[in-house]
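Below is one structure, written out as structure tokens, with a few remarks after it.
In the text below, chain A, chain B and the rest are named by the order of the sequence lines, each starting its count at 1. Side-chain atoms are counted along with the backbone in the values below, which use heavy atoms only and exclude waters and symmetry mates.
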Amino acid sequence: MLAGPGSGKTRVVTHRIAHLLREGVRPGEILALTFTNKASDEMRTRVEALTRGARVWVSTFHRFGARLLREYASYVGLTPNFTIYDVDDARQTLKRVIEAGGIRTAHYSPERIAAAISAAKNQLIAFDQYQPQIGSPLSQIVAEAYPAYQQRLLASSAVDFDDLLLHVATLLYQNADVRAELDARHRFVLVDEYQDTNRAQYVMLRALSIDYPNLAATGDPDQSIYGWRGADIRNILQFESDFPDAKVVRLEQNYRSTKSILRVADQLIGSNLRRKAKSLFTDNGEGAPVKLVQYATQDDEARSIADEIANEVAAGRRRPRDFAIFYRVNALSRSLERALREQGVPYQMVRGQEFYQRKEIKDVLAYCQLINNPRDDQAALRTINTPARGIGRKTIDRLAEYAYLHGLSLLDAARRAEQVEGVNPRSAKSVAQYAALIDRLSNLANAPLEEVLGTILTETKYREPLQDSDSEEDLNRLANIEELLTDARQFDEAHPGGGRLEEYLESAWLANETDDWQSESDKVTMMTLHAAKGLEFPVVYLVAFEHGLLPHERSINDEEQLEEERRLAFVGITRAREALQLSYAVHRDFRGQRRRTVPSQFLLEMPRDQMELVEVGRDQWYPPNWDDIGDDAFGDDESSDELDASRPARSAPGALEPFTPNLVPQAPKVMTAARLAGALPAPTSGAAPDDFVQGMTVMHPEHGPGKIVALSGAGKNRRATVQFATAGQRRFVLAHSPLRPASR
DNA sequence: TCCTTAACTGTTTTT
DNA sequence: CAGTTAAGGA
């Protein structure tokens, strides 16, 4: 099913399930897979409503993978009680492996290496099949690190997120009998957002559709926004050749948005070359024109939006929950949050994973992890000296070494602390006490969860230092722990009988804050564009339509990635039902520096003659005379080369003429007062980072003259510490700062 | 061993 | 700006 935005895709899927059930298919034979918990919850609810509570297997890919792996753990070298490592734990494991193995990483960060391993896993390349490429130093490192990392995971009976798919794909691929059994078990498979499947997911789906080839895939190539996570858009584009008997259904009518909104979306996505063209239409009304607003600063942007929402709510025209604000990166939420708080507008932010990522929560859960899976070295490392019990780095290193030499888990090594060379008696005693503590806690493994957590907290005295403190942060931590206990109690109530420690942990590992988003609560929603997929709101604000942010600067040099950014904007736009505002700010604070922005090239690809163009606030840096603007308004800016590299002028086919000048005032050619006085060189005259030397006098447009105290870094990372007369010492990234040498 | 403070560095999106 | 590491001191 090729289904455009707002075409009623979920409705079709749920009705298909209901139809199958009416035809006599048993609920257990139906498997519906989604990407997010939110989507699977929604689907389950709707199916249940439609069928009076039929128990169809609705799950995310990852949860489904985890479930299968518990059943078939031994086939892939795991124990059924395996631990799922989140990104943090996985990263730390990788770091330890690199360190322990003495792997030379050259200048590559663990993140880069982890990303390469992840990419390999998503392409279904097992650790023993990975081939380094000649001329790619990174791949040489990965060829060493990947096997070591994977073996460490297996030794701890742990998996990372990618493994949940990789192991299952491997299992199905290598065991014909298991595959046949599962194919028969899941005769009817439905997949949502098929455009986001990666290689591993594709193989899973194929394997489940051989003897009983009933696979219903829905998706929209124009909404593929997970390429960076290994999603392969070819899976959907080639569906028909993969499954020659496939019947293709197109849903092109949009029931969600107004004509104005749909037109903007349609024309924007038309700039993508790699796509199956599809015609979107709607019988909905024309609606208000889409607004495109230029603000002077991000604070103006945030305040105006907050004001507008507050006014609409106060006037009784809208309720808070009618509004959503989307942004490309989480970091952009700050000023919006502040503005909404100031206006007293209730809001909820959807952020990935937040709660279970907190230190205190992870600390406590690590004890559970270790009880559940004593081989989990990551959990042992985390708990062994948390809270502090006098076991230091040296001791831990010795234990780890001993464990490695004897093929033991870290916890087992701890049990034999006194035999380990190089551990002093005092430390050994602490270690022994720790091991005893874990053993005592392990007896609780089958108790209700709240009791397990409560005992951990008392026995470890985890809360004591927090209770003695009066810092805000520590109080927060205590509150979070309380929340965790409440969470556990609710889990116990839902799972009477106890002994579900593993299930609880799994829900924590795979949980996402997005699940917490309540569509019922009357609040403004703020989230990233990625999180917005699948949702809809009457009024949508899309902020920071700026070059480097949307499209993100990491994507602007690659045509394929640029198209994905365009799809991201498309997704955001098509969430809106009645009203849509796009905006950008002329100045935005970024990494602590105020920078002048360049509007997103995507704005040039929209039908601006049919949109309402507005300019709010004034640009304080470049006071009057905005009318006097040259032709090179876009390029010649103080910004670094990465900004200059892709001026919007280089727009895609189908783009309209450049911006109307009065909408995008840029640095004027006229002299400002300061420059006339000779104090300021033109802010547009870029000075290369190397032009600065120690002790030099420099000029800053706001702080005035200053002296360079120190310099560090190189190239575009070169920084200067400057002593100003009144503003004190400040640090600047030279490539992005408005600093100029005072003397010519 | 552990805490505090200063310096440094690197920035997307998520299961 | 924030998250992390290195250094210094008790």
Side-chain angles (χ1 to χ4, degrees), chain A residues 33-40 59-66 84-88 90-92 95 109-112 115 118 121-122 159-166 193 196-198 200-201 224-231 326-332 334-335 350-354 356-357 359 385-396 424 426-427 430 465 506 509-515 527-533 544 548-556 561 564-565 567-569 571-572 589-594 710 712-714 716-719 721 731 733 736:
Chain A
L33 292 171
T34 64
F35 279 82
T36 64
N37 296 310
K38 181 164 43 112
S40 84
S59 169
T60 64
F61 272 99
H62 292 263
R63 230 171 251 277
F64 176 68
I84 302 171
Y85 283 173
D86 65 13
V87 177
D88 257 25
R91 196 61 34 86
Q92 276 178 35
K95 276 190 199 162
S109 67
E111 276 66 32
R112 285 287 296 281
S118 175
K121 286 185 172 182
N122 284 324
V159 301
D160 62 22
F161 282 138
D162 299 321
D163 283 340
L164 288 174
L165 307 176
L166 173 68
E193 312 278 12
D196 287 332
T197 50
N198 63 28
Q201 287 159 327
S224 165
I225 54 177
Y226 286 103
W228 52 275
R229 214 174 65 191
F326 302 147
Y327 32 80
R328 175 67 236 265
V329 300
N330 279 307
L332 288 170
R334 195 179 303 270
S335 49
V350 176
R351 272 193 115 136
Q353 303 230 318
E354 201 128 272
Y356 292 105
Q357 298 282 60
K359 180 184 182 308
N385 197 37
T386 312
R389 47 175 76 89
I391 303 172
R393 181 151 182 189
K394 272 270 156 54
T395 306
I396 294 172
N424 70 46
R426 210 177 72 173
S427 300
S430 294
E506 189 163 309
W509 291 324
L510 298 179
N512 182 287
E513 210 83 348
T514 314
D515 318 340
M527 55 171 77
T528 63
L529 285 164
H530 283 89
K533 190 159 69 157
L549 237 29
L550 185 65
H552 192 273
E553 64 180 315
R554 306 261 284 227
S555 303
I556 52 190
Q561 288 181 44
E564 181 154 313
E565 297 284 317
R567 291 194 290 269
L568 205 44
V571 166
D589 292 337
F590 197 58
R591 297 185 207 172
Q593 306 268 327
R594 169 154 296 197
S712 67
K716 63 178 195 174
N717 284 325
R718 191 147 175 82
R719 287 141 206 272
T721 309
R731 276 168 61 78
V733 177
H736 303 316

Length of the [atom1]-[atom2] vector between [X] and [N], whole Å:
X	N	atom1	atom2	value
A:Asp196	B:dT13	CG	P	17 Å
A:Phe326	B:dT12	CZ	C1'	17 Å
A:Leu529	B:dT14	CG	P	10 Å
A:Lys394	B:dT1	NZ	P	8 Å
A:Arg63	B:dT14	CZ	C1'	14 Å
A:His62	B:dT14	NE2	C1'	8 Å
A:Gln561	B:dT13	CD	C1'	11 Å
A:Glu111	B:dT9	CD	P	15 Å

Considering only side-chain heavy atoms of A:Ala531, which listed nucleotide, B:dC2, B:dT11, B:dT14, is closest?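 Selected nucleotide: B:dT14.
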
Under 30°, 30 to 60°, or over 60°: which ring-plane class applies to A:Phe61 and A:Phe35, parallel, tilted or perpendicular?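 Correct class here is tilted.
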
Please work out which of the three classes, parallel, tilted or perpendicular, describes the rings of A:Phe161 and A:His62, given edges at 30° and 60°. perpendicular

Under 4.0 Å from OP1 or OP2 of B:dT1: is there any side-chain N or O of A:Thr395 that close? yes

Think A:Asn330 has a side-chain N or O under 4.0 angstrom from the OP1 or OP2 of B:dT12? no

Stacking between A:His530 and B:dT13, defined as ring centres under 5.5 angstrom apart with planes under 30°, is that present or not? no

Has A:Trp228 got its ring stacked on the base of B:dT13, with centres under 5.5 Å and planes less than 30° apart? yes

If you assign A:Ser427 and A:Ser109 each to the DNA chain B nucleotide with the nearest heavy atom, which residue ends up on the more 5' nucleotide?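 Between the two, 5'-proximity favours A:Ser427.
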
Here's a test of your reading of the structure: between A:Asn424 and A:Glu564, which maps to the more 5' nucleotide of DNA chain B? A:Asn424

What integer number of Å spans the C1' atoms of C:dT4 and B:dT13? 23 Å

Presence of donor-acceptor pair under 3.5 Å, side chain of A:Arg328 and base of B:dT13: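 Yes, the side chain and the base share a sub-3.5 Å donor-acceptor pair.
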
Partner residues of A:Glu565 under the salt bridge (Lys or Arg N to Asp or Glu O under 4.0 Å) criterion, sequence neighbours left out: A:Arg328

Just to be sure I understand the rule, does [X] reach a base, reach only the sugar-phosphate, or reach nothing, if contact means heavy atoms closer than 4.0 Å?
X	result
A:Ser555	nothing
A:Phe35	sugar-phosphate
A:Asp162	nothing

I want to check something: taking the side chain as every heavy atom from C-beta on, are A:Arg91 and A:Tyr85 in contact at a cut-off of under 4.5 Å?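 No, too far: nothing below the 4.5 Å cut-off.
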
So, for A:Ala544 and A:Leu550, which heavy atoms are closest and what is the spacing to 0.1 Å?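 The pair with the smallest heavy-atom distance is O-CB, 4.0 Å.
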
What pairs of nitrogen or oxygen atoms, one from the protein and one from nucleotides 2-7 of chain C, lie under 3.5 Å apart?
unit_1, atom_1, unit_2, atom_2, d
C:dA2, OP1, A:Arg334, NH1, 3.1
C:dA2, OP1, A:Arg334, NH2, 3.1

With sequence neighbours left out, write down each residue that passes side chain to side chain contact (heavy atoms under 4.5 Å, CB included) with A:Arg389, or none if nothing qualifies. A:Tyr367, A:Asn385, A:Pro387, A:Ile391, A:Tyr434, A:Leu437, A:Thr460

Stepwise side chain to side chain contact (heavy atoms under 4.5 Å, CB included) check, A:Leu568 with A:His552: CA-CA 11 Å; A:Leu568 205 44; A:His552 192 273; over 6 Å; no

